[in-house]
Amino acid sequence: MPDHDMEKAYDPKQHEDKTYQRWEESGYFNPDNLPGDRVEPYAIMMPPPNVTGVLHLGHALENTIMDIEARYQRMLGKRAMIVPGTDHSAVATQARVEDNLRKAGMENPRQELGREGLLEKIREYAEDSKSTILSQIRKMGTSADWSRLAYTFDEERSRIVNEVFVKMYNDGLVYRGYRVVNWSIAGQSTASDDELEYSERTTKLYTFKYSADFPIPIATVLPETKLGDTAVAVHPSDERYAEYIGQTFTVNVGAAKPLQIHVIADDNVDPAYGTGALGVTPAHSASDFELYEKNPQIGLIQIVGKDGLMTDEAGADYAGMPYKEAREKFVEWLRSNNLMISEEDITHNVSLSDRFKDEIWPMPMEQWFVSVTKEIPGRGKSLKALMREAVTTGLNGDTTKKVTITPDRFEKIYLQWIDNLRDWCISRQIWWGHRIPIWTRGEETYCGVSAPEGDNWEQDSDTLDTWFSSGMWTFSTLGWPNNSDFATYHPSAWMQMGHEILRLWMARMIMFSAYAVEDVPFHDVYIHGILRDKDGRKFSKSSGNGIDPLDVIAEYGTDALRMSLIKGIAPGNDSRFYEDKVADARNFVNKLWNISRFVTMQEAQTTKEASLADRWIESRVAQLITEVSSDLDSYQFSQASEKLYDFVWHEYADWYIEMSKVSELGSRGQKDILEVLLRMLHPFMPFVTEVLAEKIGLSETSELLMVAEWPKADPAAIDKELDKRMVTIQELISGVRSLRKEYQVKPGETLKVLGEGFSKDEQLIMSRLARIEFASSIDYKKSASAVSGEDKIILPLDDVIDVEAERTRIQNEIARLEKYLSSVAIKLSNEGFVSNAPPEVLEQTKQLQMQRSAELEHLKSALESLT
RNA sequence: GGGCGGUUAGCUCAGUUGGUUAGAGCGCUUGCUCGACACGCAAGAGGUCACAAGUUCGAAUCUUGUAUCGCCCACCA
């Protein structure tokens with residue numbers, strides 16, 4: 001039953017929670033419960049938010065995009081499913097909790113609480129944050145299947161992590177290696193290359209000689225590391241230093257241990273940069289370590305320890321000293337011994353740990369790595385090759401096993417990253433995370449999903465990089481390998497994510513899936529931009545510009561927030577958050593509410609014959625359905641939302657409903673059309689549309705709008721001639737309105753115009769909307785009757801439209817088309833073109849030719865009717 | 001150093017294979033309380049689409065170059 005007691009303005013608070021509850025109770029978030037014969041699965045795995053706190057507006061954007069896609073696919077009749085979940089986010093969460101504990105007065109949480117004690121604190125925090133996050137996701141209207149809720153650190157996911165690890169271990173892809181890794185002193189843990197951020201700093205570049213008798217000067221920004229130098233590298237063709245290549249010098253560096261400096265040659269040294277020679281510190285530089293691997297005879301000396309203090313290797317005077325002090329001391333020594341050649345300020349990038357924010361120290365140590373270049377047994381290719389294949393040819397050249405990236409420019413970025421990919425350091429020395437499933441007992445090593453039988457086995461104390469588990473998200477959430485969900489829903493259909501985690505996450509999902517499942521993790525991935533604040537800054541805790549989505553929702557409603565986030569953005573481009581935009585979207589929601597209110601107040605006129613207005617709106621709606629569907633099919637969410645917005649407001653409300661107020665015209669299909677619009681708007685603004693659908697009463701079924709069918713366009717309704725005619729009428733009305741102004745006709749007065757060439761309905765519309773009357777002939781002289789004595793001004797329509805201008809326009813158009821057609825005729829008579837052009841291009845050209853010819857004919861007749 | 005993106009109305013931004021007079025929201029001006037909506041209605045002002053050259057019957061859109069802003073990666077002696 002239609003509800004005639006609607007409030008004047010829509011109040012989201014009264015409806016949103018109730019509506020979400022209705023959805024949940026229906027069970028339709030779970031695709032197994034969806035009505036109808038649905039066969040095609042359509043799974044979307046929610047990018048699991050970190051359990052490090054609360055969600056921000058960026059998550060709101062993600063949820064909106066994801067939910068639009070899911071709701072659209074559900075309405076298309078697929079078994080649409082969003083699998084929700086959260087990520088334990090190893091380092092990030094531990095760092096956050098340790099930070100909180102320190103703020104609360106604990107000096108060294110790890111020491112004071114111990115492994116289990118600290119883990120307990122982190123677990124508490126994570127659970128707390130998890131429940132906040134899940135309720136926020138509900139608030140955003142996300143149609144997630146809560147029965148499949150997952151967590152990267154729950155039992156099932158942990159089992160799968162271990163299984164994949166074991167598989168990789170047995171395949172020799174996971175290995176223990178000694179090499180330089182990124183070490184965070186503050187975090188007391190390694191970090192992968194992708195967990196670094198860069199900060200530009202001004203530092204001193206020191207140019208010096210190790211000793212007075214050492215022939216080659218070198219430069220550095222980290223003088224204390226020079227106490228660990230074992231070589232100087234020069235370019236092989238550098239004549240200045242050629243004579244020294246191959247020699248070894250023993251240099252005395254004051255209080256430190258004497259250094260054995262080998263002079264080596266390497267092509268990577270740029271002879272034009274600095275002194276043209278490079279002091280090689282194998283222990284504290286990843287690139288120097290590579291030189292060491294090529295020239296192992298030079299040796300390696302670690303002079304800074306994990307604690308940031310100088311080691312014994314640095315010499316008795318330096319041992320135990322914080323590296324910053326050591327720097328001062330060594331620089332002072334160089335100065336006082338006249339070895340310092342120059343000191344200049346330069347700006348350079350410093351690597352920081354993205355979680356602990358301290359400067360990264362490259363250090364050599366034993367860690368676990370995943371080899372990306374080693375051939376996988378039985379597969380004949382490396383992980384790197386698989387990662388490349390998955391987005392180019394499809395795995396093993398199978399195009400059904402291919403990931404399509406939208407917008408496609410991100411494919412290039414991805415491939416570029418793959419090319420530079422190095423082995424991935426996966427072990428972390430923090431405690432919060434999946435413990436490495438390796439046990440040792442004396443000389444024995446065991447790798448397995450669970451602990452080995454027997455006593456005295458000791459498990460590796462390290463944990464896995466958090467991306468090791470999130471990289472398996474698409475199949476771990478489905479219970480790989482034996483769950484029926486996995487068989488049904490993997491590969492997932494579609495995935496969305498921000499471009500900032502393209503490498504961190506997308507690449508890893510592709511890698512793990514290609515390796516473990518031998519398939520892609522998803523068929524399509526949509527990359528969206530980052531949401532920034534109104535000044536273009538990233539939202540972050542440190543800038544203090546965070547906005548709680550719940551505050552926005554409380555003020556404007558979820559639908560308004562969703563619409564504002566999606567509208568007016570381009571795929572892949574960053575966007576900014578403006579409250580004005582939300583207010584605008586709120587106005588739109590309210591407009592829709594009032595349109596519905598108006599429609600429910602009308603009496604049903606279903607039997608009435610279609611009026612001009614009806615035929616026109618049906619034509620326009622058919623076109624709208626086609627366009628919006630095609631936009632959504634190509635993930636043009638913003639464009640689709642804008643088309644709907646414009647249509648609802650400026651065509652349906654401002655024009656169709658206004659026309660319907662001309663009582664003689666009536667309106668046959670107001671409610672039907674509104675329902676079609678509600679369906680199309682539902683993915684974008686699920687709450688208000690669901691509420692309104694209930695108010696106006698769904699025509700076909702009593703089910704929720706959420707599971708209603710996506711409208712289909714009726715091609716027969718499309719009447720482009722009628723559309724054009726309407727545009728002309730709108731222009732005429734607008735012309736009449738300005739004439740009223742020009743002749744200063746008072747609002748109550750009627751303007752009389754010559755109505756030749758217009759149908760009765762058309763005249764009706766114009767007479768009402770522009771308040772004019774139509775005369776059948778001109779019975780006046782224009783100049784004399786501009787202002788008549790009878791409250792009426794009579795004008796020929798020629799005055800309303802500028803006939804001369806119109807004629808010129810049409811003539812130009814005709815000329816343009818004729819020119820075009822002649823060029824096409826030449827093209828089509830060219831045998832080279834006809835025989836070489838791809839058939840579809842040829843076909844397209846011919847079609848265009850026909851289309852344009854028809855247009856030309858049309859214009860010619862229009863010109864005639866004007867004259 | 002390599003790559004990617006931006007430069008369109010006062011502001012914030014759309015503009016998918018080249019095609020009528022380049023759009024929206026906000027802001028601004030004027031007028032409206034005429035059967036839903038002032039979170040509204042109507043009218044209006046405002047743009048050499050960063051610049052230059054080229055391709056084309058036709059360029060905001062394609063090509064080349066320049067300027068400028070931003071992001072990512074590499075380097076960081």
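Values below: every heavy atom of this structure, side chains too, minus hydrogens, waters and symmetry copies. Since the structure is predicted, the reported quantities are computational estimates derived from the model, not experimental observations.
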Exercise for the section: With the side chain counted from C-beta on, respond yes when A:Glu195 and A:Ser353 share a heavy-atom pair under 4.5 Å apart, and no when they do not. Expected result: no
Practice task
May I ask you to test the A:Tyr645-A:Phe684 pair for a side-chain heavy-atom distance under 4.5 Å?
Solution key: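 Not touching, per the 4.5 Å side-chain cut-off.
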Considering every strand shown, what is the Watson-Crick or G-U wobble mate of [N] when both distances are under 3.5 Å?
{"N": "B:rC71", "result": "B:rG3"}
{"N": "B:rC51", "result": "B:rG65"}
{"N": "B:rC57", "result": "B:rG19"}
{"N": "B:rC76", "result": "none"}

Handout entry: Geometric cation-pi criterion A:Lys226 and A:Phe330, 6.0 Å radius, 45° cone
Key =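 Not flagged: A:Lys226 not positioned over aromatic ring of A:Phe330.
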Problem - Pi-cation contact, A:Phe289 with A:Lys294 (under 6.0 Å, within 45°) - result: no
Handout entry: Centroid separation A:Trp361 to A:His284 less than 6.0 Å
Key = yes
Handout entry: Ring centroid separation A:Phe637 to A:Tyr526 under 6.0 Å
Key = yes
Protein N or O to nucleotides 4-7 of chain B N or O, pairs below 3.5 Å:
unit_1	atom_1	unit_2	atom_2	d
B:rC4	OP1	A:Lys412	NZ	2.4

Problem - Which nucleotide in B:rA14, B:rA77, B:rA36 has an atom nearest any side-chain atom of A:Arg597 - result: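 Looking only at side-chain atoms, A:Arg597 lies closest to B:rA36.
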Practice task
Output the single nucleotide from B:rA77, B:rG40, B:rG25 whose closest atom is nearest the side chain of A:Leu278.
Solution key: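 Nearest to the side chain of A:Leu278 among the choices is B:rA77.
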Distance test, side-chain N/O of [X] to OP1/OP2 of [N], below 4.0 Å:
{"X": "A:Tyr198", "N": "B:rA74", "result": "yes"}
{"X": "A:Lys8", "N": "B:rA38", "result": "yes"}
{"X": "A:Arg586", "N": "B:rC39", "result": "no"}
{"X": "A:Arg503", "N": "B:rC72", "result": "no"}
{"X": "A:Asn587", "N": "B:rG40", "result": "yes"}
{"X": "A:Trp649", "N": "B:rA24", "result": "no"}

Between [X] and [Y], is there a side-chain N and carboxylate O pair less than 4.0 Å apart?
{"X": "A:Glu500", "Y": "A:Lys538", "value": "no"}
{"X": "A:Glu579", "Y": "A:Arg586", "value": "no"}
{"X": "A:Arg576", "Y": "A:Asp533", "value": "no"}
{"X": "A:Asp584", "Y": "A:Lys567", "value": "yes"}

Determine the Euclidean distance between corresponding [atom1] atoms of [M] and [N]; express it in Å to zero decimal places.
{"N": "B:rA9", "M": "B:rC26", "atom1": "C1'", "result": "12 Å"}
{"N": "B:rA59", "M": "B:rC51", "atom1": "P", "result": "15 Å"}
{"N": "B:rU61", "M": "B:rU8", "atom1": "C1'", "result": "12 Å"}
{"N": "B:rU16", "M": "B:rC62", "atom1": "C1'", "result": "15 Å"}
{"N": "B:rA50", "M": "B:rC37", "atom1": "P", "result": "43 Å"}
{"N": "B:rG5", "M": "B:rA77", "atom1": "P", "result": "31 Å"}
{"N": "B:rG25", "M": "B:rG65", "atom1": "P", "result": "39 Å"}
{"N": "B:rA45", "M": "B:rA24", "atom1": "P", "result": "12 Å"}

Using whole Å, report how far [atom1] of [X] lies from [atom2] of [N].
{"X": "A:Phe588", "N": "B:rC41", "atom1": "CZ", "atom2": "P", "answer": "12 Å"}
{"X": "A:Lys591", "N": "B:rC39", "atom1": "NZ", "atom2": "P", "answer": "12 Å"}
{"X": "A:Asp580", "N": "B:rG27", "atom1": "CG", "atom2": "C1'", "answer": "9 Å"}
{"X": "A:Arg576", "N": "B:rC11", "atom1": "CZ", "atom2": "P", "answer": "12 Å"}
{"X": "A:His650", "N": "B:rG23", "atom1": "NE2", "atom2": "P", "answer": "14 Å"}
{"X": "A:Ile261", "N": "B:rA77", "atom1": "CD1", "atom2": "C1'", "answer": "14 Å"}
{"X": "A:Leu421", "N": "B:rA74", "atom1": "CG", "atom2": "C1'", "answer": "14 Å"}
{"X": "A:Ile657", "N": "B:rC34", "atom1": "CD1", "atom2": "C1'", "answer": "17 Å"}

Would you indicate what [X] reaches in the nucleic acid, counting non-hydrogen atoms under 4.0 angstrom: base, sugar-phosphate, or nothing?
{"X": "A:Ile346", "answer": "nothing"}
{"X": "A:Lys643", "answer": "base"}
{"X": "A:Ile218", "answer": "nothing"}

Problem - Pair of N/O donor and acceptor under 3.5 Å linking B:rA36 base with A:Lys661 side chain - result: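 Looking at the base of B:rA36, it does pair with a donor or acceptor on the side chain of A:Lys661 (distance under 3.5 Å).
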Practice task
Check if the side chain of A:Glu658 and the base of B:rA42 share a donor-acceptor pair of N or O atoms closer than 3.5 Å.
Solution key: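 Under the 3.5 Å cut-off, the side chain and the base do not form any donor-acceptor pair.
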Practice task
Output the residues of residues 626-636 of chain A in contact with RNA chain B, where contact means a heavy atom of the residue under 4.0 Å from an atom of the strand; sort by number or write none.
Solution key: none
Practice task
Grab the two heavy atoms, one from A:Thr275 and one from A:Arg240, that are nearest each other, plus how far apart they are.
Solution key: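 It is O-NH1, 3.7 Å.
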Exercise for the section: Could I get the full list of side-chain contact (heavy atoms from CB on, under 4.5 Å) partners for A:Pro282, not counting sequence neighbours? Expected result: A:Thr230, A:Val280, A:Tyr292, A:Ile298, A:Leu300
